[in-house]
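Quick notes on the structure that follows.
Side chains included, hydrogens not; waters and symmetry mates left out as well; all remaining heavy atoms used. Everything numeric here is computed off the predicted structure, so don't read it as measured data. Naming convention: chains lettered A, B, ... in sequence-line order (proteins, then strands); numbering from 1 in each chain.
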Number of protein chains: 2
Amino acid sequence: MDRRHQEVIDFSSSLSDVWRLLNEKERELLRKSASVQHFKKNQMIYGENDEPKFLMCLLKGKVKIFKEGVGGRSQIIRMIKPVQYFAYRAYFAGEKYLTAASAFEACSVCLIPMPVVEDILKHNFALCKYFIHQLSVDLGIADERTVNLTQKHIRGRLAESLVFLIDSYGLEEDSTINIYLAREDLANLSNMTTSNAIRTLSNFVMEKVITLDGRKIKIIDEEKLRKISKLG
Amino acid sequence: MDRRHQEVIDFSSSLSDVWRLLNEKERELLRKSASVQHFKKNQMIYGENDEPKFLMCLLKGKVKIFKEGVGGRSQIIRMIKPVQYFAYRAYFAGEKYLTAASAFEACSVCLIPMPVVEDILKHNFALCKYFIHQLSVDLGIADERTVNLTQKHIRGRLAESLVFLIDSYGLEEDSTINIYLAREDLANLSNMTTSNAIRTLSNFVMEKVITLDGRKIKIIDEEKLRKISKLG
DNA sequence: TTATAACAATGTTATATAGCACAAAAGTAC
DNA sequence: GTACTTTTGTGCTATATAACATTGTTATAA
């Protein structure tokens, strides 16, 4: 049994959400056509304007989805954690990718050819429903985000990003956020410059909302943080 | 034949996109369960936090979808024209409405109970695909919009809104945009204050990109407008 | 070890845009 | 018609934030 096949067997147990919606025949189809690929830290998974070919499922690691904006400034659109599906929007819309994805840390990604997914969709209403639901949720998040990023002030935006990171990746026992972002990434997530991300973080430290140790962010007063996030 | 039924017959011919995907039985089901409602100018169609119950199809008029942001500032998320479907995202996501919708001018809206839609979806893959496609396209637009609204400067954002209006509602023979927005709405679409919308419009007039006559906006140099929109 | 680069912190300056006040114009109601 | 509200247009001021420059700090490599 070659290594590749081995991995396919492995991942199938963890594809949870989608896997549960399939019958044995469909699962067999996936086992045959899916493959696992590994990405090094900062490696590109797909780029803006690439042709979408695969439904991707993040098995291990963290992925950032981002867009290059005006003047090279990049905006992080969302972060992916295991086990989340991504990279399917463009295909369904009949477009090229509008965003890019890169491995935020070393990643294992399961690739399922979109035509295979489409074939299964034809006879599997539960899976259709899954995608409709997922896309609807994401669209809601995107609409929220538009208003938050444009209308909230810098403190509110940064606080919101921290809350988002807490909710996505959780806290360690010592209340450290379970992901280590460079200040620049935090800025790209919050729509501000790196300097302002740094400054505002310092302010939060002074106000005893967080403490900093390099890229480690420890949450001291989560309630206050959520309040700052809400009030903009 | 009562007036209501009459209207149902009328609309069925114009529901185009979706209607085409249905068989006779499904159409009959729609005819029975759908109804048409009229809204006066500025009347609320649904509000933030309302429970979503209907798939809506705009038959006549114009609708704006917006969100109340920080400090009463509202942000127009998208505009709907005939014959477009809307109001379904929240139901599919299992959420209340995150946005509000109001009649921008006198409107006729066809209401289809979401449970009926879901019933049809179960056995109609083409319709599933329609929604998956539509949601995917909208999600792409939302992602684009996030970056544009946050990173482009005021001229770029206003120009983009004008281009959007041209593409959505078209131009009359004399190159007037086919929708008459208050400066405030234009501002809410472009994420700026009313004063700045007015000022920037005036600048565009001076630069001979447009001319103004009250709310009538006549496009003089569309190419230049698109250029301003692109370059931020 | 030193050299080199990437990142973090912070102060200073410049500027885009919001906020406000007020006047003019246009709609709307009575 | 008059009174009233809403919308539009402009100028002025305040301010949030970007842009830039500098310095300190930490990693990485030679």
[X] [atom1] to [N] [atom2]: how many Å, rounded?
X	N	atom1	atom2	result
B:Asp185	D:dT8	CG	P	9 Å
A:Ile154	C:dT17	CD1	C1'	14 Å
B:Met192	C:dG19	CE	C1'	16 Å
A:Asp213	D:dT26	CG	P	10 Å
A:Leu201	C:dA9	CG	P	8 Å
B:Asn191	D:dT17	CG	P	13 Å
A:Ile217	C:dA9	CD1	C1'	15 Å
B:Arg73	C:dA18	CZ	P	6 Å

Looking at [options], which one has an atom nearest to any side-chain atom of [X]?
X	options	value
A:His153	D:dT8, C:dT17, D:dA16	D:dA16
A:Thr193	D:dC12, D:dA19, C:dT10	D:dA19
B:Ile198	D:dT7, C:dA18, D:dT10	D:dT10
B:Arg183	D:dT8, D:dA19, C:dT17	D:dT8
B:Ser202	C:dT17, D:dA18, D:dT10	D:dT10
B:Ser195	C:dA18, D:dA18, D:dT10	D:dT10

Quick one: is [N] close enough that its OP1 or OP2 comes under 4.0 Å of any side-chain N or O from [X]?
X	N	result
B:Arg215	D:dT8	yes
A:Asn196	D:dA16	no
B:Arg199	C:dT17	no

Kindly confirm or rule out a cation-pi arrangement of A:Lys62 over A:Tyr169, judged by NZ or CZ under 6.0 Å from the six-membered ring centre and within 45° of its axis?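 The answer is yes; both the distance and angle limits are met.
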Hey, does the Lys NZ or Arg CZ of B:Lys53 hover above the aromatic six-ring of B:Tyr91, less than 6.0 Å from the centre and inside 45° of the axis? no
Residues [X] and [Y] bridged, charged N to O under 4.0 Å:
X	Y	answer
A:Arg226	A:Asp221	no
A:Lys218	A:Glu172	no
B:Lys227	B:Glu222	no

